[in-house]
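Here the structure is laid out as structure tokens; the discussion comes afterwards.
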Amino acid sequence: MLDLKVIREHPEVVRQAVRAKQMPSALGTLNQVLLLDEEHRLLRSDLEANQAQRNASSKRIGDLKRRGEAAGDLIREMGALSDEVKRLEEKSRSLDAQLQSALLELPNIPHESVPYGASEHDNRVMFERGEKPAFDFEAKPHWELAAAHGWIDLAAGVKTTGAGFPVFKGGGARLLRGLIQYCLNALVDAGYTEVAVPLMVNAESATATGHLPDKEGQMYEVTDGFYLIPTSELILTGMHKGDILDAAALPLKYTAASACLRREAGSYGAHVRGINRTHQFDKVEMVQFTHPDESYAAMEAMTGLSESLLDALELPYRRLLMCTGDIGFTQAKKYDLEVWSAGQERWLEVSSVSNITDFQARRLGTRFREGGAQGRGKPELVHTLNGSAFGMARVIAAILENYQDAEGGVRVPVVLRPYVGRERLE
RNA sequence: GGAGGGUUGGCCGAGCGGUUGAAGGCGGCAGUCUUGAAAACUGCAGUAGGGGAGACCCUACCGGGGGUUCGAAUCCCUCACCCUCCGCCA
């Protein structure tokens, strides 16, 4: 959610942001916000004047009664005033509700370093690192390798659940577990606090993080008002809803491994084959709460950390600076990391690091000050960031494809061997 | 699932429907005293919105939302959460 004050004072900035993010429908929302805000403010000053008079008269009635004097006239007078206050309060509530819901539909403002672009084609490749493997045999895509060895059983997933719910078995399951463990340990070593999260969120948290209102129908909605988490970000970020953090404790850094559940409505075709895109996948996520002045530096550090893991896994990758048209609703700036997948000969997005600035924090009410909740001074909104140290499925796809050998087996990346317990999967 | 009890400021804890934004205590900050510290004493301290050049002033907020009333932290309804007991269960 944006700062209403900023919208009011610099509507042109918001207008430009909405255009850059390719959200023309939000232009109408912006105008609506401006109108509702104007109306609401006028109403409030009227309301408050009436309330002030009501309070003063009530006080006088109290005085008169205490002294045993008659207050009948004043009480009769108050009836009308009180009705008016009630009417204005109701109006104000309704306007505020409309304003709040309109406000939820305005996207975050992109950072000045984000290139303008209409679609994913305008993203910029910042650099490419690592050697693409060269084979003297025909490299297979991961789904063939996995099927041949039973590492990933798509059919079993279809039987028990449905398409897009892969079952990992044997070496595949070991590789998955090893990779998760490796990433978590590395992040804990880098100063992140490990968290084990609930797999469902309530609507309030999902709204605060900007995942609701859910126009794309990305989240699975289940009974009792819960949603299955599309990423542990919702929990890691939502944890500090309403908190006033201690400035000295910033940045707070959290990491969690969790299953992620996404509807991915409308996806089809070759690019979703195998485990390129699934409804359920495991992801190790990082979240930071930072001082506003530190968030862009933190973003670089988070991205660098993810990259160092890819370096260690010896996977070739590249970093993309996402353009205005391809960064998400909540995001001010975003980098994607893509790993080269030798069997498919294409880049797979495995990580995405975003600075949300104060967009979530405002809705969450997550602030900081010297001394924390009991401290002094004005609480100020923190900045939140999130990034993945990988969607596991795609990294596994890339490992299978890049590390395959002529015999149809797959070498295990050196750093994973202690976790997987073997040097080669066959 | 059933039956009770609870939710007040950073924390603990008062609070008859009328000067209660809220006693008291703890903790915090500043000062007096002290060579320094402690103790003691004095003072300052919530959040959000609005007005004013400023001193200040107004409004809302006692778990959330509604209601009763001239007036609600106090009465009523409702929802959420927490605790205790029973049942079920990994």
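Keep in mind it's a predicted model, so treat the numbers as computed, not measured. Within every chain, numbering begins at 1; the chains are lettered A, B, ... in the order of the sequence lines, protein sequences first and strands thereafter.
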Q: Run through A:Leu228, A:Leu234, A:Ile235, A:Leu261 and flag the one making a side-chain contact (heavy atoms from CB on, under 4.5 Å) with A:Met200.
A: A:Leu228
What distance, rounded to whole Å, do you find between the two [atom1] atoms, one in [N] and one in [M]?
N	M	atom1	value
B:G9	B:G4	C1'	29 Å
B:A22	B:A73	P	12 Å
B:G18	B:G71	C1'	7 Å

Q.
When you compare the side chains of A:Gln98 and A:Glu39, does any donor N or O come within less than 3.5 Å of an acceptor on the partner?
A. no
Q: Output yes when at least one side-chain N/O atom of A:Arg76 is less than 4.0 Å from OP1 or OP2 of B:U69, else no.
A: no
Q | OP1 or OP2 of B:G71 under 4.0 Å from side-chain N/O of A:Arg60 | A |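 For A:Arg60, the contact criterion (side-chain N or O under 4.0 Å from OP1 or OP2 of B:G71) is not met.
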Output the rounded distance in Å from [atom1] ([X]) to [atom2] ([N]).
X	N	atom1	atom2	result
A:Glu89	B:G65	CD	C1'	13 Å
A:Lys86	B:G65	NZ	P	17 Å
A:Gln51	B:C70	CD	P	17 Å
A:Arg41	B:G51	CZ	P	6 Å
A:Leu245	B:U47	CG	P	15 Å

Q) With a 4.5 Å limit on heavy-atom distance, are the side chains of A:Ile396 and A:Leu400 in contact? A) yes
**Q.** Nucleotide forming a Watson-Crick or wobble pair with B:U47, both distances under 3.5 Å
**A.**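 WC or wobble partner is B:A60.
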